[in-house]
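Heads up: the structure comes next, in structure tokens.
Just so it is clear, the values below take in all heavy atoms, side chains as well, and ignore hydrogens, waters and symmetry mates. In what follows, chains are A, B, ... by sequence order, proteins preceding strands, each numbered from 1.
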Amino acid sequence: MKIIVLMKQVGNKDAILRINRDETWIEEGDLSFEVNESDGYALEEALRLREKHGGEVVVCSMGPQRVKSVIKDALARGADRAIHIAGDDLAHVGPFASATILAEAIHGEQPDLVLTGLQSDDYGFAQTGVILAELLKFPHATIVIEVDASGERLRVKRELESGWYQWYSMPTPALLTIQSGISQIRYATLKGIMAAKKKEIREVTPSAEALSGAAQHQRVTKIYFPLKTKQTQFLGNGDAKAGAAQLAEKLRTEARVI
Amino acid sequence: MNFELNEEQLQIKMSVREFAEGEIAPHVLEWDESQHFPVELLPKLAELGLMGIIFPEEYGGAGMGYVEYVTAIEELSRVDGSVGISVAAHNSLCSNHIYMFGSEEQKQKYLLPLAQGKHLGAWGLTEAQAGSDASGTRSTAVRQDGGGWLVNGSKNFITHAIHGDTCVAVASTDRSKGNRGITAFIFEKGMKGFAPAKKENKLGLRASETASVIFEDCLVPDANRIGNEGEGFLQAMQVLDGGRISIAALAVGIAQGAYESALKYSKEREQFGKPISEFQAIQFKLADMATQIDAARLLMYRAAYLKDQGRKVTKESAMAKLYASEVSVRVSEEAIQIHGGYGYTKDYPPEKYWRDSKLCTIGEGTSEIQRLVIAKQLLKNS
């Protein structure tokens with residue numbers, strides 16, 4: 001079974017965020033970077049599937065040279081080889097563009113399974129995997145928490161809302177987006193770290209066609225911190241009972257906390 | 001000159017940090033309170049490669065150098081010094097004694113399972129009457145007509161005395177020769193006449209197991225003698241040259257953990273309407289703490305680097321150990337001060353770092369002994 005795992009590098013969760021001068025993104029000079037959390041679980045799931053069924057795990061990441069640290073970390077944890085789609089601007093393209101570029105890069109690999117985290121911790125669109133599945137003409141499932149690849153068809157368990165789950169089956173090749181926290185992620189061992197030095201990292205650049213065809217679908221025009229406003233309302237007009245009823249109504253319909 | 005870790009060394013640092021924060025941090029308080037030695041953690045440390053980090057792969061190790069080794073010990077100790085000192089004592093005392101001076105047979109039989117983490121190592125030099133004066137060894141080993149040695153005596157303050165599978169200890173084989181009459185032997189758990197005794201109830205590093213061991217007519221085969229008769233003391237001194245670098249790493253890790261807790265607290269704690277980190281009194285403390293930790297870390301890395309180059313590190317490892325351990329005590333005390341009243345409680349981490357740090361100025365040679373070692377080297381070369 002050949003599994004491709006798509007992994008993204010994102011800013012550290014604990015970083016103090018400042019908006020850049022163009023107001024288009026956060027100031028990256030301040031940031032340290034780490035692997036997108038749910039992508040780490042996608043890798044772990046891929047490694048477990050390989051242990052059960054054999055095959056190969058190929059990691060694919062896009063962005064500037066700094067994303068090599070995500071790739072090397074994945075190789076140290078046990079991935080077999082990697083594809084790095086290199087480009088300084090690739091960290092900030094929209095989901096359709098990302099999916100187009102990723103589809104081009106993994107074209108020819110003919111994977112049985114493509115796994116990725118359910119969404120990125122920075123933009124949080126949760127679209128790249130889904131669009132990529134469409135471009136590859138693969139069936140897909142999102143928010144997957146369990147994968148059973150022992151039968152002819154793939155069976156996956158999806159997380160729904162309010163504690164509900166759904167088992168779903170599909171043919172392969174397929175694409176799954178993986179939920180965070182579904183397993184205990186293995187650590188990179190010292191031997192794994194040294195062995196990773198010898199593993200292949202194939203560096204590719206997107207074609208002009210992939211870049212131009214994908215660029216126009218979405219762009220960020222401005223980002224800003226949420227504006228804080230204060231408003232005072234008097235409820236009930238002196239009648240405590242009516243005030244309480246109005247308060248309950250507002251908490252239910254406006255604040256949506258009850 | 002290069003003052004940065006290379007890519008793999010940085011990966012090792014981050015991997016050990018992730019492990020320590022995931023597997024150790026959630027239990028630190030409980031282990032400290034109950035003096036629980038976390039044997040359940042040992043297979044995980046072995047899986048990571050830390051139980052044989054400095055030994056070649058042919059002996060079951062990870063084939064790393066001292067730079068990687070101290071990096072790992074620092075990261076473990078940043079979260080829990082007890083785990084740091086366990087890994088350090090296992091690697092650079094017991095296992096390293098066999099690696100440096102043992103025969104090929106001894107390496108195959110004892111070092112291999114130690115480096116693989118299947119066995120836990122202990123090392124016995126200190127006795128009730130032989131602390132800083134290691135030459136005052138009273139334990140005796142008398143050669144027997146039928147072969148082997150009959151060992152009697154005891155060793156104090158031995159890390160892994162109870163759970164250790166393999167123990168390297170020295171005994172006097174010829175009292176008339178003083179230091180030159182001391183010989184090292186390998187003992188196995190379960191050997192008749194070899195048993196652990198009183199477990200110490202310690203101020204700090206309470207999750208690290210420290211107890212005495214007793215030899216009572218323990219017959220140890222001659223095949224377990226390390227090197228020649230009379231070489232044990234010199235072997236031990238060379239083992240300590242390496243071991244001290246790891247105590248420097250233990251100290252740097254404890255100091256780093258204490259500093260980080262103080263830094264975090266200073267940004268969160270508000271007095272007079274603003275975070276206390278905005279007051280110069282606190283800023284000066286933080287600046288001094290960070291600077292001293294940095295200096296200690298550089299001394300640690302220099303000693304580790306020289307050791308990896310195969311150079312003699314007696315002076316450099318003593319300097320690193322002396323400075324780092326004293327910094328560790330100072331920094332963790334300042335961390336308590338920054339926390340104010342809360343720092344004096346077990347609700348915040350600095351009090352434990354402070355208790356843990358104090359061992360660093362005592363174990364594997366007190367600060368006073370380090371100064372003697374350094375001075376001896378200075379005067380010898382002047």
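By the 6.0 Å contact criterion, CD on B/Glu40 is enclosed, its count of non-hydrogen atoms from other residues, nucleotides or ligands being greater than 12. Other residues, nucleotides and ligands place more than 12 heavy atoms under 6.0 Å from the NE2 atom of A/His53. Counting heavy atoms of neighbouring residues, nucleotides and ligands inside a 6.0 Å radius, atom NZ of A/Lys198 does not exceed 12 of them. Atom CZ of B/Phe279 has more than 12 neighbouring heavy atoms from other residues, nucleotides or ligands inside a 6.0 Å radius. No more than 12 heavy-atom neighbours from other residues, nucleotides or ligands sit within 6.0 angstrom of NZ on B/Lys118. Other residues, nucleotides and ligands contribute over 12 non-hydrogen atoms within 6.0 Å of the CG atom of A/Asp22. With a 6.0 Å radius and a threshold of 12 heavy atoms from other residues, nucleotides or ligands, B/Glu4 has its CD atom at or below the threshold.
Under 4.0 Å is where a charged nitrogen must lie from a carboxylate oxygen, and between B/Glu47 and A/Lys191 no such pair does.
Side-chain atoms of B/Ser15 come within 3.5 Å of backbone atoms of A/Ala188 as a donor-acceptor pair (strictly under, hydrogens ignored). Between the side chain of B/Glu8 and the backbone N or O of A/Met194, no donor-acceptor pair lies under 3.5 Å.
From B/Gln11, atom CD reaches atom CG of A/Asp73 across 6.0 Å, with rounding to the nearest 0.5 Å. Remark: A/Leu190 CG to B/Ile53 CD1 distance equals 5.0 Å, nearest 0.5 Å. To the nearest 0.5 Å, the span separating NZ on B/Lys267 from CD1 on A/Ile16 amounts to 5.0 Å. B/Glu7 contributes atom CD, which lies 11.0 Å from atom CD1 of A/Ile193 (distance to the nearest 0.5 angstrom).
In this structure, chain A has no heavy atom under 4.5 Å from any part of B/Met14.
Taking both residues in full, the closest heavy atoms of B/Phe19 and A/Tyr187 are given as CA-CE2, 3.4 Å, listed atom of the first, atom of the second, then distance.
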